[in-house]
Amino acid sequence: MSLPSKVKIVEVSPRDGLQNEKEFIATPVKIELIDRLSQAGFPNIEAVSFVSPKWVPQMADGAEVMAGIQRRPGTIYSALTPNLRGFEGALAAGIDEVVIFGAASEAFSQKNINCSIAESITRFEPVAQAAKAAGLRLRGSISCALGCPYQGETPIASVVDVARRMLALGCDEIDVADTIGVGTALRVGQVMRAVTEIVDPARISGHFHDTYGQSLANILAAMEAGISIFHSSVGGLGGCPYAKGATGNVATEDVLYMLRGLDIDTGIDLDAVVDTGQWISGHIGHKSSSRAGNALAARKAA
Ligand code: HMG
Ligand code: MG
């Protein structure tokens with residue numbers, strides 16, 4: 001299959017990128033990160049979570065963050081909402097898209113959201129209905145689609161089964177997520193092709209963590225399977241506190257550099273993203289893990 005001419009990038013650093021940071025990041029820093037990303041032209045930014053602050057303390061200030069940002073017309077601002085309480089918080093904060101997040105692995109579902117896969121779908125039903133009634137977009141995320149830190153390789157049938165249930169809930173978009181970054185290109189192609197048999201490829205996204213350095217290859221394999229929406233995080237920030245050993249998301253700078261080389265349009269200003277990746281990494285006190293980001297920043301500084 002030929003590659004897409006256009007790709008939608010969902011920038012997840014304000015949520016996935018920051019949620020795993022141990023030190024609380026001040027609300028104004030989170031606001032500035034989102035504002036910089038908005039100015040760089042991202043069509044979709046996963047901004048905050050409305051989850052239990054006991055489970056993920058870093059995301060406790062979602063309402064304040066949303067109240068402080070300058071919204072760019074045309075950008076969709078998303079939030080994770082595991083239950084109705086989270087949905088109500090998101091609605092009050094003026095979120096455009098709510099994300100229900102399940103898993104293709106029973107063990108990870110228990111660790112991350114404290115219930116079985118079947119219970120999670122039951123819990124998502126009222127959230128999905130409320131989102132539709134409020135006219136919001138609804139996205140469903142499937143964690144551990146390529147492997148689970150507790151159960152090992154995930155059967156493709158389990159991913160397809162959860163995708164079918166997410167579709168039945170009315171999801172506008174479905175994320176196939178490699179939470180711990182174990183997937184390789186062949187398997188990613190197989191999983192994506194299996195999901196495209198029941199979901200329109202234009203509504204499927206790839207969410208790849210880069211733990212094993214496979215993300216760019218996996219994105220290419222997913223594009224060959226017809227996928228044209230990908231999640232990424234500036235500076236390669238990211239990780240889930242309930243996914244042992246997992247590192248950050250694929251770095252946005254690396255994805256944009258690759259897509260530019262493939263002549264695939266994203267509408268995003270790579271130069272502004274490089275600056276933002278360096279800025280937020282400095283704030284958090286880690287060196288950016290984006291190879292392209294660091295190389296482009298060094299070239300600028302020379
Ligand atoms: P629980 O303990 O089973 O449920 O947690 P609960 O209803 O008993 O609630 C526990 C406490 O949290 C109660 O407070 C609730 O009021 C409160 P207490 O009575 O003890 O004082 N609470 C909330 N507070 C604020 N907002 C809410 C909310 N809900 C309950 N929405 C629950 C169940 C789902 C709440 C919990 O397990 C949770 O919050 N989990 C979130 C975990 C999470 O955010 N993980 C990271 C995101 S997922 C991810 O990173 C993967 C992804 O990137 C894709 C990939 O890479 O795979 C998306
Ligand atoms: Mg993730």
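Positions are given from 1 along the sequence. Computed from heavy atoms alone, side chains included, the values below leave out hydrogens, waters and symmetry copies. Counting convention: from 1, in listed order, for ligands and their atoms alike.
By the criterion of a heavy-atom distance under 4.0 Å, both the backbone and the side chain of T179 are placed next to ligand 1. When non-hydrogen atoms are compared, ligand 1 lies under 4.0 Å from the backbone of F50 (N, CA, C, O) but not from its side chain.
Taking all heavy atoms of I180, L84, V56 into account, the minimum distance to atom 44 (O) of ligand 1 is reached by V56. Checking H231, R15, Q58, R123 against atom 34 (C) of ligand 1, the nearest heavy atom belongs to R123.
For R72 and D35, the salt-bridge test fails: no basic side-chain N is under 4.0 Å from an acidic carboxylate O. Taking 4.0 Å as the cut-off between side-chain N and carboxylate O, E253 and R291 do not count as a salt-bridged pair. Residues D175 and R139 are paired through a salt bridge, judged by an N-O separation under 4.0 Å between the basic side chain and the carboxylate. Taking 4.0 Å as the cut-off between side-chain N and carboxylate O, E173 and K8 count as a salt-bridged pair. Checked for salt-bridge contact, K132 and D172 meet the test: a charged N lies under 4.0 Å from a carboxylate O.
Contact annotation: P53 has at least one heavy atom less than 4.0 Å from an atom of ligand 1.
Taking the centre and axis of the six-membered ring of F50, the NZ or CZ atom of R85 falls outside the cone set by 45° and 6.0 Å. By the 6.0 Å and 45° rule, K6 does not stack over the aromatic ring of F230. Annotation: cation-pi pair K111/Y150 present, NZ/CZ under 6.0 Å from the ring centroid and within 45° of its normal.
The shortest N or O to N or O distance between P241 and ligand 1 is not under 3.5 Å. Considering backbone and side-chain atoms alike, H207 places an N or O below 3.5 Å from some N or O of ligand 1. The shortest N or O to N or O distance between P82 and ligand 1 is not below 3.5 Å. Looking at R85 next to ligand 1, an N or O pair under 3.5 Å apart turns up.
The ligand atoms of ligand 1 that sit less than 4.0 angstrom from a heavy atom of S143 are 51 (C), 54 (C), 55 (C), 57 (O). Residue-ligand proximity, L80 to ligand 1, at heavy-atom distances under 4.0 Å covers atoms 47 (C). Heavy-atom contacts of D16 reach the following atoms of ligand 1: 53 (O) (cutoff under 4.0 Å). Near A177, with a cut-off below 4.0 Å to any heavy atom, the atoms of ligand 1 are 54 (C), 55 (C), 57 (O). The contact set between ligand 1 and N112, taken as ligand atoms under 4.0 Å from a residue heavy atom, comprises 37 (O), 40 (N), 41 (C), 42 (C), 43 (C), 45 (N), 46 (C), 48 (S). Which parts of ligand 1 touch H209 is read off a 4.0 Å heavy-atom cut-off, strictly below it: atoms 56 (O). Within ligand 1, counting atoms from 1 as listed, the ones closer than 4.0 Å to a heavy atom of I113 are 33 (C), 34 (C), 37 (O). The contact set between ligand 1 and S141, taken as ligand atoms under 4.0 Å from a residue heavy atom, comprises 54 (C), 58 (C).
Residue, atom and distance of the protein heavy atom nearest to atom 20 (O) of ligand 1 are K54 NZ, 2.5 Å. The protein atom (non-hydrogen) at minimum distance from atom 35 (C) of ligand 1 is N83 ND2, 3.8 Å. Protein heavy atom nearest atom 46 (C) of ligand 1, with residue, atom name and distance: Q19 OE1, 3.4 Å. Atom 12 (O) of ligand 1 has S52 OG, 3.0 Å as its closest protein atom, hydrogens excluded (heavy atom only). Looking only at heavy atoms of the protein, atom 1 (P) of ligand 1 is closest to N114 ND2, 3.7 Å. Summary of contacts: the protein heavy atom closest to atom 38 (C) of ligand 1 is W55 CG, 3.7 Å. Regarding atom 25 (C) of ligand 1, its nearest protein heavy-atom neighbour is V51 O, 3.3 Å.
N249 and H207 share a side-chain donor-acceptor pair at under 3.5 Å.
Remark: atom 14 (O) of ligand 1 lies closer than 4.0 Å to at least one protein heavy atom. Note that atom 23 (C) of ligand 1 has protein non-hydrogen atoms nearby, at separations under 4.0 angstrom. When distances from atom 9 (O) of ligand 1 to the protein are checked, no heavy atom turns up under 4.0 Å. In this structure, atom 4 (O) of ligand 1 has its sub-4.0 angstrom surroundings free of protein heavy atoms.
The closest donor-acceptor contact from the side chain of D161 to the backbone of R165 lies at 3.5 Å or more, if one exists at all. Of the possible donor and acceptor atoms, one in the side chain of T196 sits under 3.5 Å from a partner among the backbone N and O of R193. Here the side chain of Q58 pairs a donor or acceptor atom with the backbone of I25 at under 3.5 angstrom. Judged by distance alone, with hydrogens and angles left aside, the side-chain atoms of T211 form a donor-acceptor pair with the main-chain N or O of T247 at under 3.5 Å. Judged by distance alone, with hydrogens and angles left aside, the side-chain atoms of S288 form a donor-acceptor pair with the main-chain N or O of S290 at under 3.5 Å.
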Task: Criterion side chain to side chain contact (heavy atoms under 4.5 Å, CB included) on C240 and F108, from CA distance to verdict - done: CA-CA 11 Å; C240 174; F108 186 75; 4.0 Å; yes
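The distance from the CG atom of D269 to the CG atom of L256 is 9.5 Å, given to the nearest 0.5 Å. Here S143 contributes atom OG and Y242 contributes atom OH; the two are 13.0 Å apart, rounded to the nearest 0.5 Å.
For the Mg ion (ligand 2), the nearest N, O or S atom contributed by D16 is named OD2.
Residue side and main chain included, H207 places an N/O/S atom under 2.8 Å of the Mg ion (ligand 2). Residue C240: no N/O/S atom is found under 2.8 Å from the Mg ion (ligand 2).
Minimum heavy-atom separation, T252 to V234: OG1-N, 3.2 Å.
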